[in-house]
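Encoded as structure tokens, the structure appears first; notes follow it.
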Amino acid sequence: MHSMKERDVVSWTSLITAYSRIGQEENALVSASVLFRGMRCRDVISWSTIIGGYSQGGFAEEGFEYFSWMRRSGTKPTDFALASLLSVSGNLAVLEQGRQVHALALYLGLEQIPTIRSALINMYSKCGSIVEASKVFEETERGADIVALTAMINGYAEHGRSKEAIDLFEKSLNVGCRPDAVSFISVLTACSHSGQLGLGFHYFNLMQEKYNMSPAKEHYGCMVDLLCRAGRLCEAERMIDEMPCEKDDVVWTTLLRACTAKRDVEVGRRAAERILEVEPTSSTALVTLANIYSSSGKWKEAAIVRKSMKSKGVIKEPGWSSVLIKDRVSAFASGGRSHPQSEDIYSVLELLVPVAEPLRYGCEMKRDSESIQIL
DNA sequence: ATAGGGTTAG
């Protein structure tokens, strides 16, 4: 029999899950957070849920903050929360924070759990340390599963090592590992980065013929990218037209950007129009369209697009990046605005794992090492 | 009731 209290925890946690999945915008997360703080009793799943919610929304600071509270409350974390934190560390490229979570995983004896393995590979790779990523990959005791494999393939592809990416994919096929939809996106990306159009089509056919999978819009996106890089803009456009699934703005944007580089006004204009049909104020489409015109000397047309942006009140969102300055992660936007999400992650982490000296993977980070002290 | 890998680009 469940006590009233236990039922409470489960239903409150379900609500928190629901809120963090609504849009993963900050408002929904604030609601989730309000619910969480109002709980009378929390268990490890409720803590993992709120941490996962913020992490998936890209809010590393809040994720780590809740994690710190969780530990101070005496709740021992499981692989769930750690996997979420590794994921957000990778997405924001905060290597030191990711390393600390790795340290903790070792300390807690969770480092060989498959979700942790793949999250670690991804984290190190996204943080630029492909060497550590492949080290984790190699040290996977029971062999990498499809998720870890995909993380590794992606890592190689993103680091410009397409040959290794493709070799690894092939090797996994040879040992009888069944590829899934995501792993095909990875290998197609590798083909695309290395300009191997033919090989890309080989995998595109293979997934359909041998594995009975129908390509999703992401796979078509890779093929469009491949065709664009090969300069075959018309074929790329035809590929989009013939896609049997949703043609989102991502795939049109791929084509549009390629048109700037190749100065193809005609195809570019059509691509921009398709995006603008759905989203008339798309700043990406309008800015890129204006760039295509100016790159091919059509100043008048460029000016018309710029003017229409002004009259529609379209503003290009500034890009931003985070930089580590003296132990602080700060965010800077090109427009001078700072991004509120990623400030001060480091100061929160000091609460998390105080260490006597800097951690280095494979050295001080041993499970029973004295150098890792946990609050 | 919770978790890991996902294409675009100057």
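All chains are named by letter (A, B, ...) in the order of the sequence lines, taking the proteins before the strands, and each is independently numbered beginning at 1.
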- Task: Mind telling me whether A:Y220 and A:F204 have parallel, tilted or perpendicular rings, with 30° and 60° as the class edges?
- Result: perpendicular

Between A:D225 and A:T254, is any side-chain donor less than 3.5 angstrom from a side-chain acceptor?
no

Residues of residues 169-185 of chain A with a heavy atom under 4.0 Å from any atom of DNA chain B, listed by number, are A:D180, A:V182, A:S183, A:I185

- Query: Looking across every strand, which nucleic acid part, if any, lies under 4.0 Å from A:N154 by heavy atom: base, sugar-phosphate, or nothing?
  - Reply: sugar-phosphate

- Consider only side-chain N and O atoms of A:S129 and A:E132, and report whether a donor and an acceptor are under 3.5 Å apart. yes

Inset, instruction - Mind checking A:I146 for me? I need base, sugar-phosphate or nothing, with any heavy atom below 4.0 Å counting as a touch. - result: base

Classify A:N291 by what it touches in the nucleic acid, base, sugar-phosphate, or nothing, heavy-atom distance under 4.0 Å. nothing

- Message: Taking the cut-offs as 6.0 angstrom to the six-membered ring centre and 45 degrees off its axis, would you call A:R42 and A:F36 a cation-pi pair?
- Response: yes

Residue pairs meeting salt bridge (charged side-chain N to carboxylate O under 4.0 Å, His left out), one or both in residues 155-168 of chain A, sequence neighbours left out, come to A:R161-A:E164, A:K163-A:D167

Quick check: A:Y54 with A:F64 (ring centres under 6.0 Å apart)?
no

- Message: Given 3.5 Å as the limit, does a donor-acceptor pair link the side chain of A:S48 with the main chain of A:V44, or not?
- Response: yes

Outermost contacting nts on DNA chain B, any atom under 4.0 Å from chain A heavy atoms, listed 5' then 3', are B:dA1 to B:dA9

* Asked: How is A:S118 classified with respect to the nucleic acid when contacts are heavy atoms under 4.0 Å: base, sugar-phosphate, or nothing?
  -> base

* A:R269/A:E273 salt bridge by N-O under 4.0 Å criterion -> yes

Which is true for A:R229 with a 4.0 Å heavy-atom rule: it touches a base, it touches only sugar-phosphate, or it touches nothing? sugar-phosphate

